[in-house]
Structures are given as structure tokens and as C-alpha cells.
Amino acid sequence: MGSTGPVARRSIAAIILGALIGLIGLVLSVGGVWLLVEGGSAYYLVAGVAMIVAGVLLARGRMTGAWLYGAIFLGTLFWALWEVGLSPWALVPRLVAPLVLLIAVMLVMPTMTRRPGRWKLAGLGVVATLLIAGIFGWSIAGNFIPPVQGNLPGERFAMADPSLAQVGDDWPAYGGTYSARRYSPLAQITPDNVGQLKRAWAIHTGDLPSSPDVRNTYGAETTPLKIGDTLYLCTPKSMVLALDPTTGKQKWRFDPGVKDDAIPYTAACRGVSYYAVPGAAAGAPCAQRIILGTLDARIIALDARTGRQCRDFGRNGQLRITDGMGQVRPGYVSINSPPTIVRGVIVTGHQVLDGQDRWAPSGVIQAYDAVTGEMRWAWDMMHPERSGPPPAGQTYARGTPNMWTIASGDEQLGLVYLPMGNAAADYYSGLRRPQENRYATSLVAIDVVTGKPRWSFQAVEKDVWDYDFGAQATLVDFPTPQGAVPAMVLPSKQGDIYVLDRRTGQPLTPIGRIKAPGGGVEPQERAATQRVSLYHNLRKPDLTERDMWGMSPIDQMICRIQFRKASYKGFFTPPEADRRSIEYPGYNGGTDWGGIAIDPARGVIVANYNDMPNYVRLVPRAEANERGWAPRDQARGNIGGAEGAGDPQAHTPYAIDVNAGWRMKFTGMLCKQPPYGGIRAIDLATGRTLWDRPFGTARTNGPFGIPSMLPLTIGTPNNGGAVVTKSGLIFIAAATDNLIRAIDLRTGKTLWTDVLPGGGQATPMTYSQNGKQYLVIMAGGHHFMETPVSDQLVAYALP
């Protein structure tokens with residue numbers, strides 16, 4: 001009787017694959033032991049040991065190795081579903097790489113035997129696996145699209161706007177008006193026809209980085225104004241352009257000559273301000289003025305018609321806000337947000353370069369006459385007895401909280417609303433003075449006539465998380481049982497949204513207090529409780545180990561180890577020096593400078609938000625010195641880099657090292673699972689969520705900085721705001737995918753997109769000229785968001 005011969009055979013492919021699986025198993029085993037010791041999941045150790053065995057068997061040509069790996073994959077599948085259910089992005093690092101290895105095992109199996117039909121069987125197995133994976137992925141992706149949770153209200157309010165100017169054909173202020181609603185009553189572009197939107201024109205501003213180092217600071221954040229027959233915008237280095245609104249053709253250009261060394265953390269100009277001089281003759285020089293704040297801390301008044309400086313303002317058309325501040329090194333004091341003008345008074349704050357020195361220049365708020373430039377008042381919180389410049393030989397108090405973002409204003413009440421930042425040295429509070437502790441991370445209402453605070457509202461006590469108010473407050477009439485109340489909607493970086501009576505600062509919606517974690521390097525400084533909004537917040541639940549992410553089980557495991565090693569006690573975890581701590585939301589979390597938009601007729605808030613943690617450590621002074629961390633004005637100080645990533649915080653015991661977004665150093669991927677950003681519609685009257693969707697696609701994101709080009713909605717980091725129109729559209733760019741979108745206000749569904757020539761980290765605006773509605777966005781990119789730098793302003797209109 002003849003023999004059929006052996007069916008097994010040696011396979012080079014099996015040896016290579018077995019070695020690879022075994023090596024991966026070894027890494028998972030070692031990391032799995034570490035994770036288990038830190039109190040984490042046992043899966044990685046178990047899977048790692050099993051993969052070592054499977055790899056050895058495969059390398060030795062044993063078919064049992066293939067079957068064992070199949071069992072490992074099934075176990076991984078059941079474990080993944082147990083951990084995260086059907087959340088698609090959470091399943092990616094758990095299943096995609098193991099699935100690729102499973103397919104490789106199926107393809108290698110025929111090389112380990114001589115049985116007839118072995119390749120057909122392997123092919124069928126691969127096809128079946130891919131088919132099942134595709135169906136599974138399609139089904140869970142469908143489950144990832146959140147449903148609309150509530151019906152969109154109809155037009156139910158008739159809110160007055162206390163501003164002198166009104167939005168319509170024009171867009172006369174950064175937020176539309178100084179009420180900052182970012183709402184337009186224009187309705188030519190509708191949900192039905194927005195798909196026909198085309199580029200009407202595009203222009204180059206000519207302001208591009210002069211060197212690679214400067215490129216790492218650029219962030220074009222401007223929102224143009226439109227008044228009459230002209231658009232006005234500013235560039236990263238404070239140049240001003242006046243354009244024809246129908247063609248983009250330049251009418252005039254003004255260059256203030258800002259030098260590169262004046263650039264603070266970001267070269268940005270969010271916008272300019274407009275002022276019409278009361279009683280001035282039509283056409284008279286400087287009867288209409290553009291007020292510009294520059295990166296090198298000047299305020300300049302320009303003739304809106306010609307771009308020439310208004311010589312009757314300040315000293316030949318300009319003034320310096322650093323007068324009275326004492327020593328100010330280049331880059332330490334800058335104006336990157338448009339001043340607010342109420343009752344003819346220009347009110348300006350300024351950015352003080354973060355993280356450099358506890359005794360950095362003052363955060364004093366200053367006000368000037370919009371015609372003459374004469375100082376009206378200065379609010380130095382450490383010297384409430386003063387109302388003007390400091391006496392000779394003295395300076396404004398150094399290191400005080402500043403207002404780097406945009407104020408809103410009420411012309412009728414004569415109040416300007418200042419979203420205040422923190423005292424210098426954000427992450428150490430022990431040297432702060434009582435007045436700083438009172439006004440830091442607060443909204444302060446200032447009487448525009450006297451320059452004295454009328455009231456203040458503090459969101460965070462003794463802030464060591466860089467949770468300064470970044471967003472402009474939005475003025476509304478808030479419905480109450482007693483009738484409409486003049487109010488403001490105040491969003492925050494930590495995700496809380498407050499509604500306050502803008503006359504008194506009293507909350508109109510519930511506010512509670514939560515127990516705050518103690519500890520850190522200054523346990524005696526930490527507040528026992530912190531304030532939270534019970535009306536609405538954008539925060540997601542506290543992080544757990546299961547929320548860790550990566551592109552494979554290995555980097556997900558590393559993130560899990562980092563999570564377990566760090567100090568994390570939930571919201572308001574204080575920073576530590578002997579280990580990392582997790583700050584969630586991070587300093588870019590919740591609502592930043594882009595603010596919110598509100599439809600005042602329907603009573604709907606539109607809020608785009610970030611959902612990312614920071615990985616933080618206070619670095620003792622001796623260690624910081626060894627690393628060469630020094631203030632930027634010293635020889636070894638550097639320009640550029642992520643905010644907080646090696647900031648010296650001179651004259652405190654600690655420097656600060658912030659891993660913004662908590663990214664893996666090797667791959668650049670974020671340790672928290674997506675989404676990293678979202679957009680939400682909220683009922684103003686009740687605080688109820690109408691819909692909430694991840695915001696931003698993965699097309700420009702990927703490991704090692706390589707764009708994936710996947711059109712999948714992942715929810716990306718975003719900076720910049722939205723504009724809402726009467727027709728029920730939301731226009732927004734902001735995300736890192738370089739797209740501008742039109743979103744249906746009713747459902748949150750994206751109706752139209754266009755690819756921008758650079759990152760769209762700016763707030764768009766809309767206006768009408770000669771009966772045609774236009775949409776305009778600055779597509780200048782942003783170094784922090786790692787989007788392409790450009791100098792293009794793009795306008796859209798219907799054909």
C-alpha cells in the first residue's frame with residue numbers, strides 16, 4: 001500500500017511571521033507585567049505570553065501555532081467588546097493590528113502543509129474575515145453617528161442688541177457686534193442651496209513667515225469686518241488690508257512694521273475695531289476709523305477710507321500701552337485681540353507671554369478716547385485707588401492677571417465685560433496676592449466711564465490649570481418667569497457654560513460646587529470645592545484606563561501605563577513634581593478664544609469644543625536649570641514650541657512641562673481615544689442638548705504626522721468659532737482637517753464642505769453686497785494645531 005507522504009513542511013514565511021508574533025508577544029508581556037504592577041489590565045500579559053507560544057510554534061512549522069493565534073484573536077475580540085462595546089474608534093487599536101496579523105496567519109498556513117486545496121481554503125478564510133470585519137465596521141460606524149436629541153425650537157424670541165451697530169449687510173465687529181452673538185439675519189444661502197456654494201474670490205495677504213523658526217509661531221486668526229463697501233482685516237504681524245467685498249481687490253494696505261522679535265507665543269491678529277466719530281462731517285479725514293492693536297503693543301488709529309494714520313490720535317496716530325509698565329522685553333506684551341469700543345472709549349487688554357516669569361509685565365486694563373487717544377483710565381487691580389498711570393518712578397503692578405482675549409460690551413449699560421486670565425506663572429499659586437486670587441479666571445464687568453469694576457464672577461479658585469477665560473461672553477436677553485433679563489452666556493475652558501445677569505453678575509441658572517481633589521505641591525493652597533455649572537457643561541466623564549488609545553495594542557498599552565503612573569483624581573487634579581498628573585479637560589479643552597454663536601431668534605447656542613487632556617509635571621528649579629529652561633529674554637531662552645512645554649516660570653520653585661493633548665512622543669498620536677473635539681447645539685432657555693456630534697475628519701491626521709486622507713469623522717482638535725445665519729446654517733472651519741463646513745442647525749448634519757488652502761483656525765463671517773451674500777474665512781493655518789500655514793483669505797457665494 002502506497003503512502004501519501006508527510007503533509008507538514010518547513011516555511012520561511014511561517015518562520016518570519018512566527019518571529020514577528022513572538023517579538024510582539026514579548027513586548028506585550030514585558031509591558032503587561034509593568035501595567036499589572038501599576039494596577040492595570042491583565043489582558044496584555046496574558047495575550048503577550050500566548051503570542052510568544054504561538055510565535056514559537058509557527059516558527060517551528062506547527063499548525064497549532066496558527067490555531068492558537070486564531071484563539072488569541074477571538075479572545076481579544078471578546079475582551080475588546082467587553083471593555084468598550086461597539087465604540088468604533090475605541091476598537092481600532094484593540095482589533096485592527098491583531099486582525100492584520102490574523103490575515104497574515106491565514107495566508108501563511110498553506111505554506112506549512114502540502115494538503116490539496118490549501119490555498120483555496122486560505123483565500124476563503126481571508127475573504128470571509130474581511131467581509132465580516134467590513135460589515136462589523138460599517139454597522140458600528142453607523143452607531144457612531146449620534147441621533148438628534150431634541151426638536152429645534154422655532155423663532156420664539158425678539159432680542160434687542162445693545163450695540164450701536166447692527167449685523168446684516170455689514171459685519172461691524174469681531175463677534176458681529178459687541179454683543180458677540182456671531183449671528184447674521186441673512187438668509188440667501190439656505191440649507192437647500194448651500195451645496196451650490198462656490199469660491200467667489202481669494203486673495204493673498206502677503207504676510208508669511210520670514211524663517212522656519214518664525215513659521216513655528218504663525219497662527220492667522222483674523223475675522224474681517226465689513227462696513228459699507230469695504231472689508232477690513234489684519235494679518236499675523238498686524239498689517240491691515242482694506243478690500244473690495246465683491247472682488248477682494250485691495251483698496252489700501254497699512255504695515256505697522258512689527259519685527260519678528262515682537263512675536264509672543266503666536267503671531268496672530270484676531271481682528272480690528274471700527275469707530276465712527278459722532279458728528280463728524282461725511283468724508284472728513286478719520287471720520288470713520290479702524291482701530292488696530294499690534295503685536296508690539298501699540299494702538300493705531302487709521303482712516304477707514306485711506307489707511308492713513310489719524311494724526312489727531314495719540315502721538316501722530318498711535319500710542320504705546322507699555323508706558324508705565326517698566327521693563328518690557330520684546331514679545332512679552334502684545335495685543336492680538338481687537339479692542340472693544342463702548343461710549344467712545346477704546347478698552348484694551350493684552351497678552352503677557354505665558355510661563356516665563358512670575359513678575360512678568362502687568363496685566364493692567366487700559367482705556368483711551370477713540371478720537372484723541374488720551375488715556376481715560378487704567379485698571380490696575382493691585383492699586384484700586386488709582387484711575388490713571390502710575391506716579392513717576394513707579395509702574396503698574398507686575399505679574400497680575402491679564403485679558404488676552406476679546407471683551408464684549410453693552411452700550412446701554414456702559415459696561416465692558418473682561419474675560420480675565422491668570423496671574424503670571426499659571427501652574428504655581430503660592431506667590432499670588434489677594435487681589436490676584438479674586439480676579440484671576442474671572443469675568444469682570446468694568447464701568448467704561450470710571451474704569452472701576454462693577455462686579456466680577458470667578459469660575460475657578462486659585463487656578464493652577466491654565467483655565468483662564470479665553471472666550472468672549474455673548475450678550476442675550478434670557479427668558480425667566482419674570483420676563484426677559486439682560487444676560488450674558490459665558491463659556492469656559494473647563495467646559496462649563498454660565499448664564500449671568502449682565503447688570504449684576506448674579507447667576508440666572510443653577511450653579512453648584514463639587515469636592516475638589518487636594519494634594520499637589522501646594523496642598524494648603526488648593527480649594528476644598530470648586531464651582532461648576534448645573535445649567536450646561538461640555539465636559540465628558542472622567543478618564544479611565546479604558547479610554548487610552550493608540551494605533552496598535554503596544555502604544556495603547558504604553559498609554560495605559562502612563563495613565564496608571566500619573567496622578568489623576570478626576571476634574572481639578574492638581575499638578576505634582578515627582579510624577580506626571582493628568583489635567584482633563586486640558587488648557588485647550590472646552591471653549592477657547594473662538595467662543596460660541598447664538599441664534600437669538602430661535603434661542604440656540606452653538607458651541608464647538610475640545611475634548612483632550614494634558615499630561616503635566618511641575619519641574620523643580622534645579623532640574624529646570626539643568627535642562628536649560630530660561631525666560632525668553634535670556635540668552636538660552638527660545639521662541640516657539642507648544643505652550644507650557646518647558647516654560648521656566650522664573651521666580652517660582654517650579655518650571656512647568658505640559659504635554660498638550662497628551663501625545664505619544666514616537667508616533668505623535670494622542671493617548672486619549674477619539675473624539676478630540678465636537679460641536680453641539682444647546683437650547684438657551686433650558687440648557688438641554690439638542691444634538692452633539694464629533695467635529696472634524698481624519699483626512700490630515702495620522703501617525704508620525706503622515707496624513708491618513710481618510711474622510712472618517714474622528715472629532716479633531718479645533719480652534720476658531722462658528723457663525724449662525726437666519727436660514728438655519730452654521731458656518732465653521734476650526735478643525736485640523738483644513739475644511740470649511742456648512743452644518744444644518746436643525747440636525748447637526750454637514751451639508752457642504754470645501755478644502756481650504758491652509759488651516760482654518762479663524763472664525764468666519766458673512767455679509768451682503770449688491771444683493772449677494774458672501775461667506776469669508778481666513779485660511780492661514782496655525783502652528784499649535786499643526787495645520788498648513790497660508791496667507792489666503794477666501795470668499796464664497798452662490799453662482
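We use all heavy atoms of the structure for the numbers below, so side chains are in, but hydrogens, waters and symmetry mates are not.
Listed by chain and residue number, nothing satisfies the salt bridge (Lys or Arg N to Asp or Glu O under 4.0 Å) test with Asp592 (two or more places apart in sequence, or in another chain). By the side-chain hydrogen bond (donor to acceptor under 3.5 Å, both in side chains) test, Asp555 pairs with Ser552, sequence neighbours left out.
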Could you walk me through whether Tyr676 and Trp662 pass the ring-ring contact (aromatic ring centres under 6.0 Å, His included) check?
CA-CA 11 Å; Tyr676 306 121; Trp662 187 4; over 10 Å; no
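Side chains of Thr787 and Asn738 form a contact here, defined as non-hydrogen atoms less than 4.5 Å apart. Residues Leu490 and Phe469 have side chains in contact (heavy-atom distance under 4.5 Å, counting atoms from C-beta outward).
Using a 4.0 Å cut-off between charged nitrogen and carboxylate oxygen, Glu525 and Lys462 count as a salt-bridge pair. Checked for salt-bridge contact, Glu583 and Lys569 miss the test: no charged N lies under 4.0 Å from a carboxylate O. For the pair Arg358 and Glu436, the salt-bridge criterion is met [side-chain N within less than 4.0 Å of a carboxylate O]. Between Arg560 and Glu83 there is a salt bridge, with a side-chain nitrogen of the basic residue lying less than 4.0 Å from a carboxylate oxygen of the acidic one. Looking at Arg531 and Asp496, no side-chain N of the basic residue comes within less than 4.0 Å of a carboxylate O on the acidic one, giving no salt bridge. Here Glu461 pairs with Arg513 in a salt bridge; the nearest charged N to carboxylate O distance falls below 4.0 Å.
The backbone N or O of Gly748 sits less than 3.5 Å from a side-chain atom of Arg693, completing a donor-acceptor pair.
Annotation: cation-pi geometry satisfied between Arg94 and Trp79 (NZ/CZ under 6.0 angstrom from ring centroid, within 45° of ring axis). Geometrically, Arg680 engages Tyr609 in a cation-pi contact, judged by NZ or CZ lying under 6.0 Å from the ring centre and within 45° of the ring axis.
Arg526 and Ser429 share a side-chain donor-acceptor pair at under 3.5 Å.
Within the model, atoms OH of Tyr265 and CG of Asp354 stand 9.5 Å from one another, a figure rounded to the nearest 0.5 Å.
For Lys565, the NZ atom sits in a loose shell: 12 or fewer heavy atoms of surrounding residues, nucleotides or ligands are nearer than 6.0 Å.
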